[in-house]
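Heavy-atom basis, side chains included; hydrogens, waters and symmetry copies ignored. Letters A, B, ... are given to chains in the order of the sequence lines, protein chains preceding strands, and every chain is numbered from 1.
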Protein chains: 2
Amino acid sequence: MGGEPAHHDGVRPLLRKFDQRLNELIHALYPDEQQRPGYARLAREISAATGGSISGTYLWELATGKKRNITLEQLDVLAQFFGVPPEYFLNEEVSQRVKAQLALATALRDAKVRSLAMRASGLSPASLDSLLTIVNETRKVQNLPEGGHQGSGTDAGADGETTAT
Amino acid sequence: MGGEPAHHDGVRPLLRKFDQRLNELIHALYPDEQQRPGYARLAREISAATGGSISGTYLWELATGKKRNITLEQLDVLAQFFGVPPEYFLNEEVSQRVKAQLALATALRDAKVRSLAMRASGLSPASLDSLLTIVNETRKVQNLPEGGHQGSGTDAGADGETTAT
DNA sequence: TATCCCTGTTCGCTGGAGCGGACAAGATTG
DNA sequence: CAATCTTGTCCGCTCCAGCGAACAGGGATA
């Protein structure tokens with residue numbers, strides 16, 4: 001008789017896809033898997049950006065589905081950091097709509113930024129500086145780390161981009 | 001230097017008006033203050049109607065503001081019982097919209113719905129079917145479960161008083 | 001090599017979400 | 001009147017949300 005353990009999670013739909021949605025946010029905010037920070041560092045960034053507090057351990061537990069019955073306070077911290085309404089974690093429709101927008105933003109970054117870098121290779125240093133300012137301001141709006149350092153070739157190595165490894 | 005204790009609750013807006021919103025739901029569902037059940041009985045009705053579990057003590061703590069950092073699981077139980085989307089407790093706009101509709105529903109239930117039911121007893125099956133369609137469409141607008149009947153006990157507060165057990 | 005930093009993962013703890021059980025006061029019944 | 005049922009309120013407990021500290025493994029730098 002048996003069958004699976006059958007966790008009685010299904011009855012309360014609010015917490016079923018929490019881990020999946022959280023991972024979508026993380027992947028959307030850090031598309032490049034190589035540069036994506038770990039849970040500990042991500043937790044530090046969240047605490048610094050939102051003023052709230054969350055631990056790397058708990059982030060991992062949430063992302064891997066070990067814990068899901070989150071509190072309103074922590075939900076608020078996550079929503080604030082990722083720039084999504086708290087309903088994103090509760091409502092499927094809101095989740096889909098936000099997900100689409102996140103995918104769009106990721107796609108834009110993936111293609112447009114690169115072509116921008118290629119075109120920028122012929123500009124004057126003054127123009128490049130202005131563009132850099134704009135990019136940094138945009139990164140602030142998107143909750144990205146303010147360093148805006150480099151990008152393994154995405155934008156810095158604009159010249160001779162074909163050899164980008 | 002006195003002044004108030006200044007709890008730093010204000011920074012996390014998600015839990016500020018939780019007690020107020022919960023009380024609005026209770027008052028909307030049981031407009032008659034004399035017949036309104038206490039927290040213990042209300043908790044029993046919630047458990048029976050939703051299959052989830054909540055205690056009278058905790059309901060009182062939530063309604064009086066002693067506790068507010070609720071869990072997603074309990075939030076789901078409350079939202080399911082009161083027939084509102086979970087966002088009602090989080091989003092001010094949703095809260096306002098639902099609140100207006102709850103007031104409307106309360107007013108309707110108070111007088112009109114009863115007379116409607118009485119008058120409907122003499123209508124033809126075809127007319128009743130039309131009315132049923134209208135009611136179901138209205139329920140959709142109010143974010144109520146589409147099933148139609150099944151009422152999960154939410155609307156049980158007003159009826160049955162004439163033939164009380 | 002060794003040192004350092006970061007990663008994912010686990011263990012064990014603290015604090016508070018959440019509840020059971022009690023209490024006094026008020027209705028209702030006989 | 002005494003029972004019996006409510007009600008709101010409180011105390012004290014259990015359990016888990018949430019975290020700190022440590023672990024092993026891997027990539028840098030020297």
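What separates CG of B:Leu42 from C1' of D:dG8 is a distance of 14 Å, to the nearest Å. Taking atom CD on B:Gln74 and atom P on D:dC16, their separation rounds to 12 Å, with Å as the unit. Rounded to whole angstrom, the span from the CG atom of B:Asn69 across to the C1' atom of D:dC16 amounts to 13 Å. The interatomic distance linking B:Leu22 (CG) with C:dA17 (C1') rounds to 16 Å, in whole Å. The CZ-P distance, from A:Arg36 to C:dC6, rounds to 18 Å in whole Å. The CD1 atom of B:Ile46 sits 10 Å away from the P atom of C:dC19 (whole-angstrom rounding). Regarding B:Ile70, its CD1 atom lies at a distance of 15 Å from the C1' atom of D:dC16, rounded to whole Å. Put simply, CG on B:Leu62 is 12 Å from C1' on C:dC19, counting in whole angstrom units.
Between A:Glu87 and A:Arg97 there is no salt bridge, since no side-chain N of the basic residue sits under 4.0 Å from a carboxylate O of the acidic one.
Here the options are A:Lys66, A:Lys67, A:Arg68, the test is salt bridge (Lys or Arg N to Asp or Glu O under 4.0 Å), and the partner is A:Glu61; only A:Lys67 passes.
Ranking D:dT9, C:dA17, D:dG8 by closeness to the B:Tyr39 side chain, first place goes to D:dG8. In this structure, the nucleotide among D:dT9, D:dG20, C:dG18 sitting nearest to the side chain of B:Lys67 is C:dG18. Of the candidate nucleotides D:dT9, C:dG20, C:dT7, C:dT7 has the atom lying nearest to any side-chain atom of A:Pro37. Among the nucleotides C:dT10, D:dA17, C:dC19, the one closest to any side-chain atom of A:Lys66 is C:dT10.
For C:dC19, the OP1/OP2 oxygens have a side-chain nitrogen or oxygen of B:Ser53 closer than 4.0 Å. Phosphate proximity of C:dA27 to B:Gln34: absent, as no side-chain N or O sits under 4.0 Å from OP1 or OP2. Taking 4.0 angstrom as the limit, B:Thr57 places none of its side-chain polar atoms (N or O) nearer than this to OP1 or OP2 of D:dT9. Under 4.0 angstrom from either OP1 or OP2 of C:dG8 there lies no side-chain N or O belonging to A:Trp60.
B:Leu78 places none of its side-chain heavy atoms less than 4.5 Å from the side chain of B:Val84. Counting heavy atoms from C-beta outward, B:Gln20 and B:Lys17 have side chains that approach closer than 4.5 Å.
Each of B:Arg41 and B:Gly56 lies near DNA chain D, and the nucleotide nearest B:Arg41 is the one positioned closer to the 5' end.
Residues A:Tyr88 and A:Glu24 have side chains that bring a donor and an acceptor to within less than 3.5 angstrom of each other.
Within the 4.0 angstrom heavy-atom criterion, base atoms lie near A:Glu61.
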